[in-house]
Amino acid sequence: MGRRPEHGGLRCHSAVFIYTLCYKLPTRWSVQPGDRENTAVWFLYISLSDPFSSEVKPRILLMGLRRSGKSSIQKVVFHKMSPNETLFLESTNKICREDVSNSSFVSFQIWDFPGQIDFFDPTFDYEMIFRGTGALIFVIDSQDDYVEALSRLHLTVTRAYKVNPNINFEVFIHKVDGLSDDHKIEKQRDIHKRANDDLVDAALERIHLSFYLTSIYDHSIFEAFSKVVQKLIPQLPTLENLLNIFISNSGIEKAFLFDVVSKIYIATDSSPVDMQTYELCCDMIDVVIDISCIYGLTSEEAGIPYDKESMAIIHLNNTTVMYLKEVTKFLALVCFLREESFERKGLIDYNFHCFRKAIQEVFDVRLKVQKSRKLLSQRRWSKQAAANGTPSLPC
């Protein structure tokens with residue numbers, strides 16, 4: 001039997017751009033605007049400090065102690081690495097910046113920070129790190145003693161909040177796959193209480209921490225990342241409203257708007273999400289991509305096996321139907337409905353056509369806003385470059 005084809009990532013989705021830059025943590029820059037010999041460092045400074053840059057592509061910081069699982073999370077979610085292969089990853093000793101950009105609503109930067117470096121040493125400019133950041137994910141190893149981790153979490157959150165009060169603070173209680181359900185709940189309750197008590201003692205109870213139980217061996221890490229990314233999407237209320245209108249007029253019980261590359265759902269309707277439903281959606285996307293990779297392209301063809309003709313219907317043994325339709329080049333709508341409701345497929349398809357048109361309009365507006373911000377940013381830096389004698393930013 002042949003090897004199972006890879007789905008997602010770069011192998012099947014050739015138009016996905018994920019690139020990684022690794023470099024040692026910069027100290028406080030003494031670069032002057034007129035220092036042409038340090039142009040590369042100056043551009044790095046701009047990418048960290050320019051607020052327009054962060055608005056166009058939000059930045060997510062991945063922090064935690066050594067061996068807490070930060071790099072493994074990144075590899076599994078965005079590089080489709082097998083969880084078992086992460087056992088052979090070396091410990092991160094440099095900052096790794098990864099741009100996740102696939103032309104859909106999922107477009108951001110992830111900064112993976114080494115756990116062994118003290119970022120609050122006076123020689124480091126931690127304010128530059130937190131300024132313009134959209135979300136800070138702190139990973140705690142649930143199978144290890146987390147007293148030191150909670151101390152580092154408190155220090156990181158309090159310092160980051162003073163620099164940027166708009167950061168979303170997310171805590172991943174990681175590696176819970178080896179714990180029983182009762183032990184998971186006990187760990188989460190204990191970490192939640194200790195972390196919030198530390199904030200209350202520091203008179204910083206206004207800081208909100210979100211907690212997630214995660215593991216790379218199931219879909220919990222994808223669901224947690226979905227909720228983190230959703231907070232960085234300004235169009236989220238519009239997308240949720242469109243989904244609510246769609247399901248209420250189509251007899252659908254639950255609907256998700258998925259990014260097919262990362263299997264992160266960027267929006268869902270207002271009804272609650274349960275883990276089993278989300279796992280079924282992820283499995284369905286895997287099936288569609290796998291079959292498309294095998295049968296969707298001839299040996300002479302190249303490109304993405306997921307296109308405007310992509311569609312799938314799965315009948316479950318409990319009279320539930322799963323219905324997947326392509327929305328854009330990188331987005332899919334996955335719906336759950338009863339068999340009797342699916343008999344009105346013509347109505348559902350017409351409503352879906354209206355929904356897809358509305359999503360495209362939202363996407364077009366988002367692109368126009370991004371272009372205008374980028375143009376404004378370039379003009380601002382060009383004026384500063386002209387005044388200070390530094391090279392202007394590339395287009």
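Any value given below was found using the heavy atoms of this structure, including those in side chains, with hydrogens, waters and symmetry copies removed. Remember, predicted model here, so these are calculated numbers, not experimental data.
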Looking only at side-chain N and O atoms, does [Y] offer a donor or acceptor that is under 3.5 Å from a partner on [X]?
X      : Y      : result
Lys254 : Thr277 : no
Gln74  : Glu98  : yes
Tyr265 : Asp259 : no
Tyr323 : Asp349 : yes
Arg194 : Tyr146 : no

Next item on the list: Start with the C-alpha distance between Lys162 and Glu127, add both sets of side-chain angles, then the distance that settles side chain to side chain contact (heavy atoms under 4.5 Å, CB included), and finish with yes or no.
Entry: CA-CA 9 Å; Lys162 292 178 181 178; Glu127 293 184 3; over 6 Å; no
Does a side-chain N-to-carboxylate-O contact under 4.0 Å join [X] and [Y]?
X      : Y      : answer
Asp364 : Lys368 : no
Lys184 : Asp182 : no
Asp141 : Lys175 : yes

In terms of hydrophobic clusters joined by side-chain contacts under 4.5 Å, are [X] and [Y] together?
X      : Y      : value
Met275 : Ile185 : no
Val273 : Ile221 : yes
Leu280 : Val334 : yes
Met311 : Leu316 : yes
Leu65  : Leu150 : no

Next item on the list: Walk me through it: do Thr158 and Leu199 pass the test side chain to side chain contact (heavy atoms under 4.5 Å, CB included)?
Entry: CA-CA 8 Å; Thr158 52; Leu199 292 176; 4.2 Å; yes
List the atom of [X], the atom of [Y], and the distance in Å for their closest heavy-atom pair.
X      : Y      : value
Leu179 : Ser142 : CD1-OG, 3.7 Å
Ile252 : Phe336 : CG2-O, 3.3 Å
Leu324 : Ile285 : CD1-CG1, 4.0 Å
Tyr278 : Ser226 : OH-OG, 3.7 Å
Cys281 : Phe256 : SG-CD1, 3.5 Å
Glu253 : Ile247 : O-CD1, 4.5 Å

Between [atom1] on residue [X] and [atom2] on residue [Y], distance to nearest 0.5 Å:
X      : Y      : atom1 : atom2 : answer
Asp218 : Glu223 : CG    : CD    : 9.5 Å
Arg159 : Asn164 : CZ    : CG    : 15.5 Å
Ile167 : Arg59  : CD1   : CZ    : 8.5 Å
Leu136 : Trp111 : CG    : CH2   : 13.5 Å
Leu347 : Phe342 : CG    : CZ    : 12.0 Å
Ile137 : Phe172 : CD1   : CZ    : 4.0 Å

Whether over 12 other heavy atoms sit under 6.0 Å from [X] [atom1]:
X      : atom1 : answer
His353 : NE2   : no
Glu148 : CD    : no
Gln276 : CD    : no

Could you check if a side-chain atom of [X] sits within less than 4.5 angstrom of a side-chain atom of [Y], using non-hydrogen atoms only?
X      : Y      : result
Leu89  : Lys75  : yes
Lys357 : Gln360 : no
Asn196 : Ile207 : no
Lys345 : Ile313 : yes
Ile110 : Arg97  : no
Phe246 : Leu242 : no
Ile266 : Leu331 : yes
Asp198 : Leu204 : no

Can a donor-acceptor pair be found, under 3.5 Å and without considering hydrogens, that links the side chain of [X] to the backbone of [Y]?
X      : Y      : value
Ser215 : Val176 : no
Asn249 : Ile245 : yes
Lys80  : Val261 : yes
Asp112 : Ile95  : no
Ser341 : Leu337 : no
Asp99  : Gln109 : no
Thr156 : Arg152 : yes

Item checked: Pair Thr214-Val139, side chain to side chain contact (heavy atoms under 4.5 Å, CB included): steps then yes or no -> CA-CA 9 Å; Thr214 61; Val139 183; 6.0 Å; no
Notebook entry, point to check: How are the rings of Phe211 and His192 set to each other: parallel, tilted or perpendicular (split at 30° and 60°)?
Noted result: tilted
Item checked: Phe225 and Phe78 aromatic ring geometry - parallel, tilted or perpendicular at 30°/60° bounds -> perpendicular
Note to self: For a salt bridge (charged side-chain N to carboxylate O under 4.0 Å, His left out) check, start with the C-alpha distance between Lys263 and Asp286, then their side-chain angles and the critical distance, and finish with the verdict.
What the structure shows: CA-CA 9 Å; Lys263 289 187 293 187; Asp286 286 343; 3.1 Å; yes
Next item on the list: Step by step, work out the side chain to side chain contact (heavy atoms under 4.5 Å, CB included) result for Phe352 and Val327.
Entry: CA-CA 9 Å; Phe352 171 78; Val327 178; 3.9 Å; yes
Check: Does the salt bridge (charged side-chain N to carboxylate O under 4.0 Å, His left out) test come out yes or no for Lys231 and Glu170, once each step is laid out?
Finding: CA-CA 11 Å; Lys231 297 178 182 179; Glu170 321 286 349; 3.1 Å; yes
